[in-house]
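A short worksheet on the structure shown next.
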Amino acid sequence: MPPPTSELADARQAVSRATDLDADQYASQPLASARDALGRAQAAMAEGRNDAARALAHAASADADLAIALSAKAKTSAELAQRRSEVRELRDRFEGGNIR
């Protein structure tokens, strides 16, 4: 089989996207797994173990995609909590007659 150059490029891009989307903060474990798998994939390809490199590149992409999804979920949950807090504050002000 040919070297998995495109799979490795895809995995690198996925890890980069996850990093750009703050996955270090919100999904550090899946991102660490993605980085580890990517490093192992690169090593396997350098050793000529193309099947292993391909599988590890796919695993790295999957872990990075998971990190992206978990990061998006955490950000959305935090934003929702903030909006709910704002609504409660406005409701309390309205019901208390403290509207300015």
Side-chain angles (χ1 to χ4, degrees):
M1 294 195 88
T5 53
S6 66
E7 289 91 340
L8 281 172
D10 291 345
R12 276 191 292 275
Q13 288 176 347
V15 169
S16 179
R17 275 193 318 272
T19 301
D20 292 345
L21 295 171
D22 298 325
D24 280 315
Q25 179 178 354
Y26 297 105
S28 60
Q29 183 57 45
L31 182 56
S33 294
R35 288 176 175 152
D36 178 62
L38 178 59
R40 291 176 34 219
Q42 291 169 328
M45 191 168 113
E47 296 168 359
R49 297 182 300 119
N50 292 336
D51 286 341
R54 186 171 283 104
L56 287 163
H58 287 295
S61 291
D63 286 340
D65 289 343
L66 175 60
I68 289 167
L70 291 173
S71 184
K73 179 183 180 229
K75 287 179 181 181
T76 301
S77 294
E79 188 174 320
L80 176 60
Q82 176 64 34
R83 297 296 175 252
R84 285 182 173 162
S85 175
E86 291 169 2
V87 167
R88 274 192 303 278
E89 182 181 322
L90 289 170
R91 185 179 297 131
D92 290 346
R93 287 175 58 194
F94 177 75
E95 290 172 356
N98 293 329
I99 296 180
R100 294 177 187 152

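Atom set for the values below is all heavy atoms of this structure, side chains included, hydrogens, waters and symmetry mates excluded. Residue indices begin at 1 and follow the sequence shown.
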Taking all non-hydrogen atoms of both residues, which atom of [X] and which atom of [Y] are closest, and how far apart?
X     : Y     : result
Asp63 : Pro30 : CB-O, 3.6 Å
Ala41 : Ala57 : CB-N, 3.7 Å
Ala18 : Ala64 : CB-O, 3.9 Å

Pairing residues for Glu86 by the side chain to side chain donor-acceptor pair (under 3.5 Å) criterion, not counting sequence neighbours:
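Glu86 satisfies side chain to side chain donor-acceptor pair (under 3.5 Å) with Gln82, Arg83 only.
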All side chain to side chain donor-acceptor pair (under 3.5 Å) counterparts of Glu79, not counting sequence neighbours:
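By the side chain to side chain donor-acceptor pair (under 3.5 Å) rule, Glu79 matches no residue at all.
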For Asp51, all residues meeting side chain to side chain contact (heavy atoms under 4.5 Å, CB included), sequence neighbours excluded:
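For Asp51 the side chain to side chain contact (heavy atoms under 4.5 Å, CB included) partners, ignoring immediate neighbours, are Met1, Arg54.
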Residues that Thr5 engages under side chain to side chain contact (heavy atoms under 4.5 Å, CB included), provided they are two or more places apart:
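Side chain to side chain contact (heavy atoms under 4.5 Å, CB included) list for Thr5, sorted by chain: Pro3, Met45.
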Residue pairs, two or more places apart or on separate chains, that pass side-chain hydrogen bond (donor to acceptor under 3.5 Å, both in side chains) and touch residues 35-47:
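For residues 35-47, and leaving out neighbouring residues, the side-chain hydrogen bond (donor to acceptor under 3.5 Å, both in side chains) pairs sorted by first residue read Thr19-Arg35, Asp24-Arg35, Asp36-Arg40, Glu47-Arg49.
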A side-chain contact here means heavy atoms from C-beta on lying under 4.5 Å apart; do Val15 and Arg12 qualify?
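Val15 does not reach Arg12 side chain to side chain.
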Counting heavy atoms not belonging to Lys75, are there more than 12 under 6.0 Å from its NZ?
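More than 12 heavy atoms, drawn from other residues, nucleotides or ligands, come within 6.0 Å of this atom.
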Once rounded to the nearest 0.5 Å, what's the spacing between atom OG of Ser61 and atom CG of Leu66?
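So the gap between those two atoms works out to 12.5 Å.
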Any chance you could pull the hydrophobic cluster mates of Leu80, using side-chain heavy atoms under 4.5 angstrom and chaining through other members?
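Members alongside Leu80: none; it stands by itself.
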